[in-house]
Structures are given as C-alpha cells and as structure tokens.
Amino acid sequence: MFGFDPAKVPSSAAYNAAEQELQNLLDAHMADNGEYPEKIAFSLWAGETQRHFGMLEAQVLRALGLQPVWDRGGNLVKLDIIPESALGRSRIDVVIQATSVYRDQFDGFMLKLSAAIEELVQLDDGNALQKTASV
C-alpha cells in the first residue's frame, strides 16, 4: 500500500500520453465537423485522477497549450504557456466540472491552472483565448 501524492498530477507519463489522446479527440471532431472544436468540456473526479495519474488534466493542459514543469521529485511546480507558433493549432477553450472531493484533493493543480489561465487571458499572441475555463 502506498500514498497518492496529488502534487504529482499530472504525471509526465500522463502528459506525454495525453498528446495522442487529445489528438484522437480533435481528429474525430474534425472528421465529423470539418474543423477543430473551439471548446471542450472535462469532468474531473478524484478517483479517476488517481487511477490514471492525471490523464484528463493533461488533456486540459494540452488543449489550452500549457506545458507542465516538474521538479526532480516529479512534483508539478508551474505551468508554462506554449507559444501558439510551437503549438501548431489554435488554443482550445475548456470547461471544467470538478467534484467537491476533486476540488479539495487537487487544489494545488486547480490553483496552478487558474494562474496559467489568467496568464493566457493576458496573452496577446494574435489569437488569445476569447473565453476561459472557470475553475
């Protein structure tokens, strides 16, 4: 038995895997609608996050164009903004619905995400987010 450390969400493995998972979602939307979605909704549950070490959180970050920065111990330190030129597509707005248990257990992630979204709102890269996630 071992303890789960919420400071490690999302894990680097989850962030790497989320690249393909988000792309699969975008490709499916493109096939059905001829364009990428402008907004995606995610439901975050504490139990699910513990099972997949932050796969949905990593997809949220990838949709927004954010890169996690971890310390040597794998703890999430901050979220950096990926320039849109390096992102290769427009940023996608996210809507997040988080359970109360999630909010309480992963408040560190939610605070970092909120701060990064505030930075994105201030970003003037020609195509900044029109609306932001509500966290």
Side-chain angles (χ1 to χ4, degrees):
M1 185 170 253
F2 62 93
F4 182 86
D5 187 354
K8 297 183 184 312
V9 169
S11 69
S12 61
Y15 186 76
N16 292 336
E19 182 174 18
Q20 186 58 53
E21 292 305 315
L22 180 64
Q23 193 59 52
N24 291 344
L25 180 65
L26 298 179
D27 290 345
H29 191 276
M30 176 72 83
D32 290 344
N33 302 289
E35 62 187 4
Y36 280 156
E38 293 180 16
K39 186 180 294 187
I40 301 174
F42 293 90
S43 291
L44 302 179
W45 295 70
E48 284 298 310
T49 296
Q50 291 175 2
R51 279 191 276 284
H52 54 62
F53 297 97
M55 175 65 88
L56 289 178
E57 291 81 349
Q59 289 180 60
V60 166
L61 299 180
R62 289 206 173 267
L64 290 168
L66 297 171
Q67 168 70 50
V69 176
W70 297 277
D71 65 14
R72 288 178 36 165
N75 297 306
L76 180 65
V77 176
K78 66 178 183 167
L79 299 170
D80 285 343
I81 296 172
I82 301 169
E84 197 163 314
S85 59
L87 195 57
R89 59 166 171 76
S90 295
R91 297 181 197 284
I92 300 169
D93 291 346
V94 298
V95 175
I96 298 172
Q97 183 280 322
T99 66
S100 59
V101 173
Y102 181 93
R103 180 202 64 223
D104 294 344
Q105 188 168 358
F106 297 98
D107 62 322
F109 173 77
M110 297 295 279
L111 291 170
K112 287 176 181 70
L113 180 59
S114 180
I117 288 171
E118 288 298 323
E119 288 181 43
L120 282 170
V121 170
Q122 301 302 317
L123 187 64
D124 185 22
D125 63 358
N127 194 14
L129 295 174
Q130 295 175 348
K131 299 177 184 173
T132 60
S134 176
V135 292

field: Shared hydrophobic cluster for Ile92 and Met55 (ILVMFWY, side-chain gaps under 4.5 Å)
entry: no
task: Identify the heavy atoms of Tyr102 and Met110 that sit nearest to each other, and give their distance.
output: CE2-SD, 3.7 Å
- prompt: Within a strict 4.5 Å, meaning less than it, do heavy atoms of the His52 and Glu57 side chains meet?
  reply: yes
- request: Report whether Met30 and Leu22 are members of the same hydrophobic cluster (ILVMFWY, side-chain heavy atoms less than 4.5 Å apart, transitive linking).
  value: yes
query: Are Trp70 and Ser12 side-chain neighbours, meaning at least one heavy-atom pair lies under 4.5 Å?
result: yes
- prompt: Going from OG on Ser11 to CG on Asp5, what distance comes out if it is rounded to the nearest 0.5 angstrom?
  reply: 12.0 Å
field: Closest non-hydrogen atom pair between Lys8 and Asn75, with its separation
entry: NZ-OD1, 3.3 Å
query: To the nearest 0.5 Å, how far apart are CG in Asp107 and NZ in Lys112?
result: 8.5 Å
- prompt: Once you round to the nearest 0.5 Å, how far does CG of Leu66 lie from CG of Leu87?
  reply: 9.5 Å
- line: CD (Gln105) and OG (Ser100) are apart, to the nearest 0.5 Å, by 11.0 Å
query: Taking all non-hydrogen atoms of both residues, which atom of Pro68 and which atom of Leu61 are closest, and how far apart?
result: CG-CD1, 3.7 Å
query: Can you check side chain to side chain contact (heavy atoms under 4.5 Å, CB included) on Leu113 and Leu64, steps first, answer last?
result: CA-CA 10 Å; Leu113 180 59; Leu64 290 168; 3.9 Å; yes
query: More than 12 non-hydrogen atoms from neighbouring residues, nucleotides or ligands closer than 6.0 Å to CD on Gln23, yes or no?
result: yes
statement: Taking every heavy atom of Phe42 against every heavy atom of Leu56, the minimum-distance pair comes out as CD2-CD2, 4.1 Å
query: Measuring from Glu19:CD to Asn24:CG, what's the distance to the nearest 0.5 Å?
result: 11.0 Å
message: Which heavy atom of Ile96 sits nearest to which heavy atom of Leu44, and what is that distance?
response: CG2-CD1, 3.5 Å
field: Nearest heavy atoms of Ile81 and Arg91, plus distance in Å
entry: CG2-NH2, 3.4 Å
- prompt: So do the side chains of His29 and Tyr36 get within less than 4.5 Å of each other, counting heavy atoms only?
  reply: no
Within one Ile-Leu-Val-Met-Phe-Trp-Tyr cluster: Phe4 and Tyr15, side-chain cutoff 4.5 Å: yes
query: Is the closest side-chain heavy-atom distance between Val101 and Asp104 below 4.5 Å?
result: no
query: Is there a side-chain contact between Gln59 and Ile40 (heavy atoms, below 4.5 Å)?
result: no
Co-membership, hydrophobic cluster, residues Trp45 and Phe109, 4.5 Å side-chain: no
- request: Evaluate the side-chain proximity of Phe106 to Gln50: yes if any heavy-atom separation is below 4.5 Å, no if none is.
  value: yes
